[in-house]
Trainee: 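Below: one structure in structure tokens.
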Amino acid sequence: MKDGDASVILKNVNIKDTGTYECWIGVKNSGRRKRDAPEPISTIKLRVTETQELKVKPGEDATLQCQSHRGADIEVMKWIRSDLKPDDGFVFYLSPDQINGDYQNSLFQGRVELQDPEMKNGDASVILKNVNINDAGTYECWVAVKYNTRHRKRDAPEPISTIELTVTETQEVKVKPGEDATLQCQSHRGADIEVMKWIRSDLKSDDFVFYLSPDQINGDYQNSLFQGRVELQDPEMKNGDASVILKNVNINDAGTYECWVAVKYNTRHRKRDAPEPISTIELTVTETQEVTVKPGENVTLQCQSHRGADIEVIAWSRTDLKTDGFVFFFRNDGVTRLSESYPGRVELRDPKMKDGDVSVILKNVNINDTGTYECWIKEGNNARRRKRDAEPKLFSTIKLTVTGHTAGNIWEGYVGVVCLLSLLLVAVGGFMVNQMIQRRHRPETTPDSESAEDALNPSSSSSV
């Protein structure tokens with residue numbers, strides 16, 4: 001403490017360290033009068049201002065932290081969102097005579113409340129309930145405290161805390177082959193997007209689904225699978241819209257897509273060194289395929305899970321089966337079950353199920369195999385995906401029709417027709433022979449001759 005230096009260092013400051021600090025000193029008698037007690041030497045008002053980053057999912061509640069000076073008697077408090085115009089109203093407003101009232105923006109009515117209604121120790125935090133993707137943005141907490149012996153009166157509220165709220169979600173999008181899929185991604189409103197990249201978690205290369213930077217769009221950075229098939233939903237990216245449209249979807253497009261965004265520096269946002277994840281979308285390509293085969297052939301029933309997925313259960317069923325059996329059932333602990341109608345006739349096309357391929361081959365089909373087949377899959381949790389529901393989900397539907405004849409069937413039909421014709425010829429010939437025999441033994445008669453009855457009864461003859 002050379003030269004009377006009584007300064008201290010407060011390490012690892014956090015928002016709760018905000019407050020008024022006083023330095024009191026009493027010195028030894030050294031030519032000066034002796035002080036009976038320490039006296040105040042310095043007063044420091046420490047404000048810990050920060051831009052907090054808060055990420056929540058749709059439907060959750062978000063706590064927006066704001067800490068004024070401890071012991072402060074808050075007189076006015078207002079929460080604003082940087083992209084809202086002043087005339088649009090506040091996220092939350094408090095004054096001596098009212099809370100919110102006509103000052104609150106309609107988007108937040110009934111959804112924002114104080115974390116501590118008594119605002120003890122200067123706690124000005126609020127809870128934003130039932131968050132949705134449109135709530136993403138930069139929130140600022142402004143506070144004015146009443147005059148007391150510790151604090152001078154403030155003429156107007158001052159900024160205390162800034163929070164960047166990101167609403168991240170894992171959306172589930174289902175489309176059919178040939179359709180277009182819109183992959184939604186919303187950055188902060190008013191954000192000037194500098195870099196945007198869409199990736200798919202299972203792609204092994206560094207290529208992107210879509211890439212945008214100040215000097216190019218896609219270029220050599222785009223994966224060849226997506227070239228000419230992805231475009232911005234809004235080319236101007238108004239209000240931070242980073243959504244893209246994936247055109248002419250096919251079954252190989254199924255997977256988990258992530259949207260990463262970096263915005264330019266401005267007065268409302270700090271500059272980010274690298275893009276950050278904003279949105280995650282699980283794209284499922286479902287389809288009702290129609291497959292026609294002939295008896296005796298083998299047929300492949302197509303079904304594609306998410307690439308890289310940890311498959312726990314596969315269940316191939318047929319909608320008209322009255323039993324509880326499956327056409328094919330697999331569980332990752334080795335359990336398999338089959339319907340009595342399909343013993344030894346169904347197998348995985350790829351036993352290793354690479355890239356999520358859970359297609360099966362149905363062998364030696366017959367006309368009784370006609371029906372509608374469904375592929376149900378349960379995927380496990382992994383680092384890329386949130387935990388799935390407890391029940392399997394429908395991934396593919398196939399209408400199988402078994403029609404026509406094989407070569408064997410045609411020969412059997414030919415033999416049957418020949419046999420039938422032979423029997424008809426025998427019957428007709430027998431009838432004709434029988435008629436000839438009857439005519440040969442029948443007596444001939446003329447108009448003048450006696451009838452058969454008269455010949456058998458001589459007494460009926462007249463005398464001459």
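If you read the sequence from its start, that first residue is 1, and numbering goes on from there. Values in this document were obtained by computation on a predicted structure and should not be read as measured data.
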Trainee: Tell me, with the steps shown, if Asp350 and Lys352 meet salt bridge (Lys or Arg N to Asp or Glu O under 4.0 Å).
Mentor: CA-CA 5 Å; Asp350 180 2; Lys352 295 182 179 180; over 6 Å; no
Trainee: Does the side chain of Val313 come within less than 4.5 Å of Trp376's, by heavy atoms?
Mentor: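 Side-chain contact under 4.5 Å: no.
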Trainee: Strictly by ring pair (Phe, Tyr, Trp, His ring centres under 6.0 Å), give each pair with a member in residues 327-363 just once, sequence neighbours left out.
Mentor: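 Sorted result for residues 327-363: Phe326-Phe329.
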Trainee: Would the number of heavy atoms belonging to other residues, nucleotides or ligands and lying under 6.0 Å from CG of Asp102 be above 12?
Mentor: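 Incorrect, the count does not exceed 12.
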Trainee: Please report the C-alpha distance between Asn332 and Ile311 in whole Å, then the side-chain angles of each, then the deciding distance to 0.1 Å, and finally whether the side chain to side chain contact (heavy atoms under 4.5 Å, CB included) criterion is met.
Mentor: CA-CA 7 Å; Asn332 60 1; Ile311 298 174; over 6 Å; no
Trainee: I need the Ser305 OG to Glu379 CD distance, nearest 0.5 Å.
Mentor: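 Nearest 0.5 Å value for the OG-CD distance: 3.5 Å.
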Trainee: For Gln171 and Ser279, work out which heavy atoms get closest and say how close.
Mentor: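 Minimum heavy-atom separation between Gln171 and Ser279: NE2-OG, 3.2 Å.
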Trainee: Please confirm whether the backbone N or O of Asp5 pairs with a side-chain atom of Asp3, one donor and one acceptor, at under 3.5 Å?
Mentor: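 No, the answer is negative, given that no donor and acceptor are paired below the 3.5 Å cut-off.
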Trainee: Shortest non-hydrogen contact from Ala124 to Val143?
Mentor: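 Closest approach of Ala124 to Val143, heavy atoms only: CB-CG2, 4.0 Å.
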Trainee: Please identify which of these residues, Thr319, Leu301, Val360, Thr397, meets the side chain to side chain contact (heavy atoms under 4.5 Å, CB included) condition with Tyr373.
Mentor: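 Among Thr319, Leu301, Val360, Thr397, the one meeting side chain to side chain contact (heavy atoms under 4.5 Å, CB included) with Tyr373 is Leu301.
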Trainee: How are the rings of Phe226 and Tyr257 set to each other: parallel, tilted or perpendicular (split at 30° and 60°)?
Mentor: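 Perpendicular.
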Trainee: Between Asn100 and Gln104 (side chain of the first, backbone of the second, donor and acceptor by atom type, cut-off under 3.5 Å), is there such a pair?
Mentor: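 No, because the side chain of Asn100 does not come within donor-acceptor range (under 3.5 Å) of the backbone of Gln104.
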Trainee: Roughly how far, to the nearest 0.5 Å, is the CG atom of Leu394 from the NZ atom of Lys174?
Mentor: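 Going from NZ on Lys174 over to CG on Leu394, the span is 6.5 Å.
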Trainee: For residues Lys363 and Glu297, determine if any side-chain heavy atom of one lies less than 4.5 Å from a side-chain heavy atom of the other.
Mentor: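 Of all side-chain heavy-atom pairs linking Glu297 with Lys363, none is under 4.5 Å.
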Trainee: Pick one: which of Trp260, Phe210, Tyr211 meets side chain to side chain contact (heavy atoms under 4.5 Å, CB included) with Trp198?
Mentor: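 Only one of Trp260, Phe210, Tyr211 forms a side chain to side chain contact (heavy atoms under 4.5 Å, CB included) with Trp198, namely Phe210.
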Trainee: Identify the two heavy atoms, one from Ile245 and one from Thr182, that lie closest to each other, and give their separation to 0.1 Å.
Mentor: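 Smallest heavy-atom distance, with atoms named: CG1-OG1, 4.0 Å.
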Trainee: Is there side-chain contact between Leu128 and Leu165, with heavy atoms separated by less than 4.5 Å?
Mentor: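 When only atoms from C-beta onward are counted, Leu165 and Leu128 do touch, with a gap below 4.5 Å.
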Trainee: Could you check whether any side-chain heavy atom of Met353 comes within less than 4.5 Å of a side-chain heavy atom of Leu348, counting everything from C-beta outward?
Mentor: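 Yes, their side chains come closer than 4.5 Å.
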Trainee: Decide side chain to side chain contact (heavy atoms under 4.5 Å, CB included) for Gln233 and Asp241; before the verdict, give the C-alpha distance in whole Å, the side-chain angles of both, and the deciding distance to 0.1 Å.
Mentor: CA-CA 8 Å; Gln233 178 175 257; Asp241 185 3; 3.1 Å; yes
Trainee: Apply side chain to side chain contact (heavy atoms under 4.5 Å, CB included) to the pair Leu94 and Met119, showing each step before the final yes or no.
Mentor: CA-CA 11 Å; Leu94 177 144; Met119 296 179 290; 4.0 Å; yes
Trainee: Roughly how far apart are Asp234 CG and Ser243 OG, rounded to 0.5 Å?
Mentor: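 Rounded to the nearest 0.5 Å, the CG-OG separation comes out at 9.0 Å.
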Trainee: Please say whether more than 12 non-hydrogen atoms of neighbouring residues, nucleotides or ligands are located less than 6.0 Å from CG in Asn12.
Mentor: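 It does not: Asn12 CG has 12 such atoms or fewer within range.
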Trainee: Compare every heavy atom of Val91 with every heavy atom of Ile80, then report the nearest pair and how far apart it is.
Mentor: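 Where Ile80 meets Val91 most closely, the heavy atoms are C-CG2, 4.0 Å.
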Trainee: Could you tell me if the side chain of Asn250 sits less than 4.5 Å from the side chain of Arg229, heavy atoms only?
Mentor: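 A side-chain contact under 4.5 Å exists here.
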Trainee: Name all residues meeting the side-chain contact (heavy atoms from CB on, under 4.5 Å) criterion together with Glu179; count only those two or more places apart in sequence or in a different chain, and write none if there are none.
Mentor: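 Result, side-chain contact (heavy atoms from CB on, under 4.5 Å) vs Glu179: Val175, Lys176.
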Trainee: Taking all non-hydrogen atoms of both residues, which atom of Val402 and which atom of Lys294 are closest, and how far apart?
Mentor: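 Where Val402 meets Lys294 most closely, the heavy atoms are CG1-C, 4.1 Å.
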Trainee: Does any non-hydrogen side-chain atom of Glu258 lie less than 4.5 Å from one of Lys197?
Mentor: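 They are not in contact (no side-chain heavy atoms under 4.5 Å apart), so the answer is no.
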Trainee: Looking only at non-hydrogen atoms, find the nearest pair between Glu22 and Thr43 and report the distance.
Mentor: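 Heavy atoms of Glu22 and Thr43 come nearest at CG-OG1, 3.8 Å.
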Trainee: Give the C-alpha distance, both sets of side-chain angles, the deciding distance and a yes or no for side chain to side chain contact (heavy atoms under 4.5 Å, CB included) between Cys303 and Ile377.
Mentor: CA-CA 9 Å; Cys303 186; Ile377 302 173; 3.9 Å; yes
Trainee: How long is the gap from OG1 on Thr20 to CG on Leu46, to the nearest 0.5 Å?
Mentor: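 Rounded to the nearest 0.5 Å, the OG1-CG separation comes to 9.0 Å.
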Trainee: Less than 4.5 Å apart, side chain to side chain, heavy atoms only: is that true for Glu75 and Val145?
Mentor: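 SC-SC contact between Glu75 and Val145 ruled out.
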Trainee: Measure the shortest side-chain to side-chain distance between Gln52 and Glu164 over non-hydrogen atoms and say whether it is less than 4.5 angstrom.
Mentor: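 Side chain of Gln52 against side chain of Glu164, heavy atoms only: no contact under 4.5 Å found.
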Trainee: How long is the span from the OG1 atom in Thr166 to the CD1 atom in Ile163, to the nearest 0.5 Å?
Mentor: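 These two atoms lie 11.5 Å from each other.
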Trainee: By the definition side chain to side chain donor-acceptor pair (under 3.5 Å), identify the one residue from Gln304, Arg349, Gln302 that meets it with Asp357.
Mentor: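 Of Gln304, Arg349, Gln302, side chain to side chain donor-acceptor pair (under 3.5 Å) with Asp357 is met by Arg349 alone.
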Trainee: If I take atom SG from residue Cys141 and atom CZ from residue Phe92, how far apart are they, to the nearest 0.5 angstrom?
Mentor: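 Between Cys141 SG and Phe92 CZ, I get 10.0 Å after rounding to 0.5 Å.
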Trainee: Does Val195 offer a backbone N or O that forms a donor-acceptor pair with the side chain of Ser213 under 3.5 Å?
Mentor: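 Not a single qualifying donor-acceptor pair exists.
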